[in-house]
K.L.:
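One structure coming up, written as structure tokens, with questions to follow.
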There are 2 protein chains.
Amino acid sequence: MTCADVIITYGTMLDRKSSQLREVLEMHKALSDANRLRILIALTGKELCVCQITELLQLAPSTVSKHLSILRQAHLIEMRKVGRWIHYRLSDQNVDTTAAEYIRLLGRSLDRDPQIKDDRKHLKEILKMDVDALCRRM
Amino acid sequence: MTCADVIITYGTMLDRKSSQLREVLEMHKALSDANRLRILIALTGKELCVCQITELLQLAPSTVSKHLSILRQAHLIEMRKVGRWIHYRLSDQNVDTTAAEYIRLLGRSLDRDPQIKDDRKHLKEILKMDVDALCRRM
DNA sequence: TCCATATTTCGTTACTTGGCGAAATATAGG
DNA sequence: CCTATATTTCGCCAAGTAACGAAATATGGA
């Protein structure tokens with residue numbers, strides 16, 4: 001029961017996208033893929049550009065792009081242009097912390113999952129690398 | 001923001017089935033189908049037997065059975081034999097209220113969804129009917 | 001014991017989804 | 001205004017999923 005004390009306001013998360021079964025399902029579906037969860041957990045507390053995420057997941061850029069668009073459609077992440085790159089981050093990281101908080105909780109509770117552990121390590125390396133060089137390799 | 005004040009402990013829900021990405025995904029997938037959400041919402045605060053659920057959803061018994069087994073596998077519902085019927089209910093309705101609480105919240109936030117509204121009305125009628133007669137028609 | 005019946009399992013079919021590579025799009029910077 | 005390049009869109013294939021009906025599997029009660 002390591003997280004039993006963690007209490008989050010899931011209400012707002014539901015409110016924003018609720019009153020329509022379709023939208024709730026869209027959110028749940030977005031959370032139902034391993035690679036999309038990996039993306040969300042990687043985005044906890046930081047922004048990443050598409051090529052950094054692509055390097056982390058080791059998938060084709062087109063596949064990563066599709067996943068990002070599904071997460072965007074579900075209002076779980078937001079995008080922002082920075083120079084020649086597009087940065088993604090958890091939705092409303094500052095203002096409305098619900099979705100971001102849920103993901104953070106998820107990440108913590110998956111701390112011992114081998115895949116997630118690997119990702120954390122890999123991500124540290126990626127953040128040390130030059131973004132320019134990283135993108136050029138795609 | 002009708003539900004903004006509703007705060008739920010999602011942490012325990014994660015704890016019980018966490019530390020494995022696979023199990024978290026299983027839970028999210030179980031929550032990603034409209035008919036399964038309809039079942040969960042119908043079960044809020046009460047037990048129902050399979051034939052009552054089948055009547056509510058208007059699907060083949062075999063299909064309903066499959067949905068129930070997916071929800072069971074995700075630890076979202078529990079079953080219990082009552083006479084010649086099998087009753088289903090939200091997991092840990094009394095003890096650990098997390099999953100049940102999330103579903104309750106979900107139901108409230110979907111209150112105005114036409115499908116969910118219809119279901120509530122239909123369920124009221126079903127509960128008035130004789131279970132024996134209802135099952136015999138399947 | 002055996003029958004009636006409530007529920008599940010199995011096999012099939014139609015549809016959805018995740019993956020890739022190729023082509024298209026957009027745009028920062030020379 | 002080009003060109004290089006970051007990202008997305010498109011078309012395809014393989015794998016997964018929801019639906020059904022038919023058959024199998026309990027099991028309560030006569």
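What's counted below: heavy atoms across the whole structure, side chains too, no hydrogens, waters or symmetry copies. Chain letters run A, B, ... following the sequence lines, proteins first and then strands; every chain starts at 1.
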K.L.:
So which one's nearest nucleotide on DNA chain C is more toward 5', K29(A) or A60(A)?
P.N.:
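Looking at DNA chain C, the more 5' nearest nucleotide goes with K29(A).
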K.L.:
Among E78(B), E47(B), K81(B), which residue satisfies the side-chain hydrogen bond (donor to acceptor under 3.5 Å, both in side chains) criterion with H87(B)?
P.N.:
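Going through E78(B), E47(B), K81(B) one by one, the side-chain hydrogen bond (donor to acceptor under 3.5 Å, both in side chains) with H87(B) is satisfied by E47(B) alone.
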K.L.:
With the criterion being N/O to N/O and under 3.5 Å, what pairs connect the protein with nucleotides 3-8 of chain C, and how long is each?
P.N.:
| unit_1 | atom_1 | unit_2 | atom_2 | d |
| --- | --- | --- | --- | --- |
| dA6(C) | OP2 | C135(B) | O | 2.8 |
| dA6(C) | OP2 | R136(B) | N | 3.2 |
| dT7(C) | OP1 | I86(B) | N | 3.0 |
| dT7(C) | OP2 | C51(B) | N | 3.3 |
| dT8(C) | OP1 | Y88(B) | OH | 2.8 |
| dT8(C) | OP2 | S65(B) | OG | 2.9 |
| dT8(C) | O5' | S65(B) | OG | 3.2 |

K.L.:
Going by an N to O cut-off under 4.0 Å, is there a salt bridge joining R120(A) and D113(A)?
P.N.:
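Between D113(A) and R120(A) there is no salt bridge, as every charged N stays at least 4.0 Å from the carboxylate O atoms.
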K.L.:
Without decimals, in angstroms, what is the distance between Q73(B) CD and dA18(D) P?
P.N.:
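Taking CD of Q73(B) and P of dA18(D), I get 13 Å after rounding.
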K.L.:
Measure CG/N35(B) against C1'/dT17(D) and give the value in whole Å, please.
P.N.:
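So the two atoms are 13 Å apart, to the nearest Å.
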K.L.:
Look at the side-chain N and O atoms of T63(B) and state whether any lies under 4.0 Å from the OP1 or OP2 oxygen of dA18(D).
P.N.:
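Answer no for this pair, as no side-chain N or O of T63(B) is under 4.0 Å from OP1 or OP2.
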K.L.:
Rounded to the nearest angstrom, tell me the gap between atom CG in D33(B) and atom C1' in dT17(C).
P.N.:
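That distance rounds to 14 Å.
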K.L.:
Rounded to the nearest Å, what distance is computed from the CG atom of residue L57(A) to the C1' atom of nucleotide dG19(C)?
P.N.:
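Rounded to whole Å, this separation is 13 Å.
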K.L.:
Expressed as a whole number of angstroms, how long is the span from L25(A):CG to dT17(C):C1'?
P.N.:
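Taking CG of L25(A) and C1' of dT17(C), I get 15 Å after rounding.
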K.L.:
Evaluate the side-chain proximity of L31(B) to L40(B): yes if any heavy-atom separation is below 4.5 Å, no if none is.
P.N.:
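The answer is yes, as the side chains (C-beta and beyond) meet within the 4.5 Å cut-off.
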K.L.:
Quick one: is H67(B) getting a side-chain N or O under 4.0 Å of the dA19(D) phosphate, OP1 or OP2?
P.N.:
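Answer yes for this pair, as a side-chain N or O of H67(B) is under 4.0 Å from OP1 or OP2.
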K.L.:
Is any side-chain N of the basic residue among K29(A) and E26(A) closer than 4.0 Å to the acidic one's carboxylate O?
P.N.:
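Answer for the salt bridge query: no.
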K.L.:
Would C49(B) and C135(B) count as a disulfide pair, i.e. SG atoms separated by less than 2.5 Å?
P.N.:
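Cystine link not detected, SG atoms outside the 2.5 Å cut.
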K.L.:
Rounding to an integer number of Å, can you tell me how far Q58(B) CD sits from dC20(D) P?
P.N.:
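So the two atoms are 10 Å apart, to the nearest Å.
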K.L.:
Apply side-chain hydrogen bond (donor to acceptor under 3.5 Å, both in side chains) to R38(A) and list each qualifying residue two or more places apart in sequence or on a separate chain.
P.N.:
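R38(A) satisfies side-chain hydrogen bond (donor to acceptor under 3.5 Å, both in side chains) with N35(A), D119(A) once adjacent residues are dropped.
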K.L.:
Rounded to whole Å, how long is the line connecting atom CD of E26(B) with atom P of dT17(D)?
P.N.:
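In whole Å, dT17(D) P and E26(B) CD are 10 Å from each other.
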K.L.:
What is the distance from CZ of R22(B) to P of dG16(D), rounded to the nearest Å?
P.N.:
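From R22(B) CZ to dG16(D) P: 14 Å.
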K.L.:
Dump the intermediate steps for side-chain contact (heavy atoms from CB on, under 4.5 Å) on K46(B) and L123(B), then the final yes or no.
P.N.:
CA-CA 11 Å; K46(B) 54 180 140 345; L123(B) 188 52; 3.6 Å; yes
